[in-house]
Amino acid sequence: MNRVKKTRIGVLVALVLTVALALAGCGGAGGSYPDKSKPITWNVPYAPGGGSDNLARVAGKMLNDQKIISNTMVYENRPGAGGATGMTHFIEAQKGSPYALMTVVTQVITPKIRGDAKYNYNDVTLIARIGLDEHLILVNAQSPYKTVKDLVEAAKTKKVTVGGTGTGATDHLVTITLGKVAGVQFAYVPYQSGGEVTTALLGSHVDFIISNPNEALGQIQSGKFRSVGIAADKRIDMVKDVPTLKEQGYDVVFQLFRGIAAPPGIPEDARKYLENAFKKLVEDPTYKKEYLDKNGITAAYQTGADFKKYLDEQNQMYEKLLGELGLAAKK
Amino acid sequence: MDIFSSLLTGFSVALTPLNITLALAGCIMGTLIGALPGFGPPAGVAVLLPFTFNWSPVSGLIMLAGVYYGAMYGGTITSVLLNIPGESASVMTAVDGYQLARKGRAGVALGIAALGSFVAGTLGVVFLMALGPALAGFAIKFGPAEYFALMVLGLTTISGLTGTSVLKGLGATLFGMLVSMAGLDIVSGRARFMMGTDALLDGIDFLPAAVGLFGLAEVFENVQVKSNFAMIQGNIRVREVLPKWKDWAESQWAVLRGAVLGFVVGVLPGAGATVASFLSYALEKKLSRKPEEFGHGALAGVAGPEAANNAASAGAFVPLLTLGVPGSGTTAVLLGALIMYGLRPGPALFEERPDVVWGLIASMYVGNVLLVILNIAFIPGFMWMLRKSQTYLNAIVAVLCIIGVYAQTVSLFDVGVAVAFGLLGYVMRRLNYPAAPIVLALVLGPMAETALRQALIISSTGALIFVTRPISATLLAAAALYLLSPVAVRLFTRRRPQQGEPRTPEPSA
């Protein structure tokens with residue numbers, strides 16, 4: 001074959017292949033939701049190994065195992081800026097896609113208040129609230145403090161230090177609220193992560209810390225930490241003999257909500273499907289056993305619509321607290 | 001149960017065909033992950049985590065741990081061959097390792113690094129076994145004051161690492177610290193040096209800066225100088241390429257010192273392999289009989305830091321297993337993995353699930369053996385790569401740098417940062433400023449500043465806290481000693497002037 005003919009055949013083959021590929025690509029669309037061949041991507045705006053990451057992976061696995069959703073689950077961590085980086089990417093890059101989910105915690109409230117992000121919970125499709133994480137007040141088992149009152153009394157005469165995950169973080173807000181209610185001030189020492197906070201208390205570098213039950217459970221069980229109070233409505237099973245702050249005379253209830261959201265602009269039938277899927281998930285007894293009980297999280301299911309109302313209230317509270325700290329961006 | 005019988009149980013768990021395969025898989029993937037700049041062990045472990053649910057928790061852990069310390073071996077490869085440190089723990093390896101490669105001795109550098117990593121990694125596991133719980137008790141005594149003192153020690157040693165001019169090294173260090181201040185400050189809660197954009201909210205990340213300053217700057221310089229030589233000329237025989245006994249004899253003490261230093265520093269949550277690697281470099285340079293070689297291809301300058309970073313990764317398991325506290329980014333993911341497997345790390349784990357703990361420890365021995373064999377076997381292959389002309393390597397390096405940064409950060413902004421640092425690095429090279437201090441200060445600066453402010457919040461005696469606490473006082477004294485030792489040496493030698501020796505100006509530290 002001479003060269004011209006070879007080239008012509010080559011071009012023809014390339015054309016045929018391209019058309020074939022294009023047609024094959026067209027074939028996929030138009031099926032009903034959910035297309036089982038498409039993977040669902042969990043966007044976790046925090047580092048792997050943390051609470052949000054854990055929730056995403058456990059929930060994803062359970063949805064598969066209990067055959068509620070059979071699409072493959074893929075996880076992407078995009079930490080940064082207190083969750084703002086991941087959230088912004090989620091909203092902008094995944095707009096309209098019903099195959100992306102995001103774990104929701106404070107990143108849908110605080111970054112916008114602080115001026116670190118353009119978006120908040122109004123810019124995503126809320127699917128469900130699936131739990132409330134509590135806050136435990138912990139001291140080193142060898143410390144002399146046995147109740148919250150001891151800490152408050154001590155703070156009246158000397159510096160009482162509390163370790164947390166950064167100025168403006170939820171544990172800081174709990175500290176401030178408790179201080180206001182009790183009429184004292186605690187010296188808040190910020191650390192970079194929950195792990196560092198735990199280490200600080202292990203070494204008795206701070207007098208107490210405020211931590212989610214899940215993070216502290218290992219130390220509580222091994223007897224290194226003592227829990228002196230919980231900022232919840234009522235006692236939780238994981239630490240049954242820990243009195244609430246309310247019982248001890250300090251009306252402080254502060255919970256960290258955990259929920260799921262989809263990108264903005266997804267079709268209504270996809271949203272309904274996802275809402276039903278998560279409703280089924282939280283009613284499943286394995287969910288209670290493997291996630292809620294194991295991590296000390298209180299069951300607190302809310303539909304997307306109710307979740308939005310709850311977040312409106314939370315938003316107001318955070319605005320007020322952050323404003324008092326001087327961290328709210330000027331409007 | 002005494003240690004040996006526990007260890008035997010561990011080996012019975014680790015030496016099953018499945019677990020050996022998983023350890024090998026983990027090591028290979030870890031090596032690749034460590035070699036590729038950008039995709040670091042935390043991300044690698046996180047991505048592989050879902051697959052491990054197919055197996056038992058021990059097996060999953062064995063594979064994931066293999067990824068972790070495999071990455072310490074892998075980071076050496078691109079550091080030595082291409083002057084791109086794959087992660088912060090490999091920066092010091094790049095300094096002398098790459099110079100050795102330019103002299104055609106890449107095989108020796110890689111071989112000694114692999115052997116050193118093996119010896120130190122194994123020693124690290126031995127220390128983990130024997131001293132783990134005791135050291136954990138020591139580690140938690142490190143509060144903010146102690147960390148600050150350690151960072152001060154680290155920062156003072158940096159300016160001495162550079163070789164040409166202490167002043168230039170100091171300048172680079174200060175610039176690195178300045179750059180490190182951009183971003184969200186956890187103490188005040190406010191963002192600093194934002195330059196009007198949200199992109200800097202997390203500050204300047206180590207990776208784009210390092211890749212730019214080392215990799216891209218090298219490419220720019222090579223292009224400008226128009227070098228197209230190959231680092232290895234002509235044919236080479238395999239036997240000439242591998243390190244000789246003489247090379248090992250030269251490095252063995254550096255390896256041993258690096259192993260001990262690395263393990264101790266690695267136990268400290270947060271400090272880790274990076275700090276360990278350049279404390280080791282500084283130590284080796286101070287103890288060497290030929291300090292002027294450092295920066296131009298001193299083997300001890302590769303052996304020490306490499307040993308230190310491997311021992312440090314073994315050390316990082318101490319707080320994880322004994323206290324349930326993660327000491328580094330990767331161990332944080334491993335902690336998450338343990339929790340997902342249903343295991344709760346902490347003192348209880350040793351008693352409740354000795355098979356998991358000792359199986360993991362035993363597999364680390366196995367993994368180190370596998371890695372040293374793998375790495376040495378591939379040396380001829382790597383040397384082959386270096387026979388290509390510099391022109392091709394420049395292209396490969398440039399592409400790897402850009403892709404590596406984007407893969408890690410998925411942000412074009414960070415790619416821009418890498419390019420900017422690349423240009424800066426090029427200018428610095430022409431003006432003979434050292435680049436390593438910038439990246440090291442970028443890592444240490446924030447830690448030092450945060451620790452300082454935390455310590456002052458905690459202290460009721462103001463700044464006195466740094467000298468009233470014994471560990472912090474000791475570390476600060478060591479830093480002072482390091483700074484003053486050249487002065488002290490000069491004071492003594494001036495008293496006994498040698499015949500015919502001209503009075504030289506300030507010697508470079």
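In what follows, every chain begins at residue 1, and chains take the letters A, B, ... in the order their sequences are listed.
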**Q** Flag the one option from A/His172, A/Lys159, A/Met73 with the top tally of heavy-atom pairs under 4.5 Å to chain B.
**A** A/Lys159
**Q** What pairs of residues pass the side chain to side chain donor-acceptor pair (under 3.5 Å) test when at least one of them lies in residues 84-93 of chain A, not counting sequence neighbours?
**A** A/Arg78-A/His89, A/Glu92-A/Tyr119
**Q** Can you measure from CD1 (B/Ile140) to NZ (A/Lys224) and round to the nearest 0.5 angstrom?
**A**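 The distance works out to 7.0 Å.
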**Q** Heavy-atom count around B/Phe193 CZ within 6.0 Å, excluding the residue itself: above 12?
**A**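 No, not enclosed.
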**Q** Of the backbone (N, CA, C, O) and the side chain (C-beta and beyond), which part of A/Tyr188 lies under 4.5 Å from a heavy atom of chain B, both, or neither?
**A**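 Only the backbone of A/Tyr188 comes within 4.5 Å of chain B.
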**Q** Can you tell which part of A/Gln192 gets under 4.5 Å to a heavy atom of chain B, answering side chain, backbone, both or neither?
**A** both
**Q** Would you mind reporting whether A/Pro190 and B/Ile457 have side-chain heavy atoms less than 4.5 Å apart?
**A** yes
**Q** Using modelled atom types only, decide if a donor and an acceptor are shared between the side chain of A/His205 and the backbone of B/Ile458 within a distance under 3.5 Å.
**A**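 Absent.
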**Q** Using non-hydrogen atoms and a 4.5 Å limit, figure out which bit of A/Lys61 sits close to chain B: side chain, backbone, both or neither.
**A**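 Contact with chain B: side chain only.
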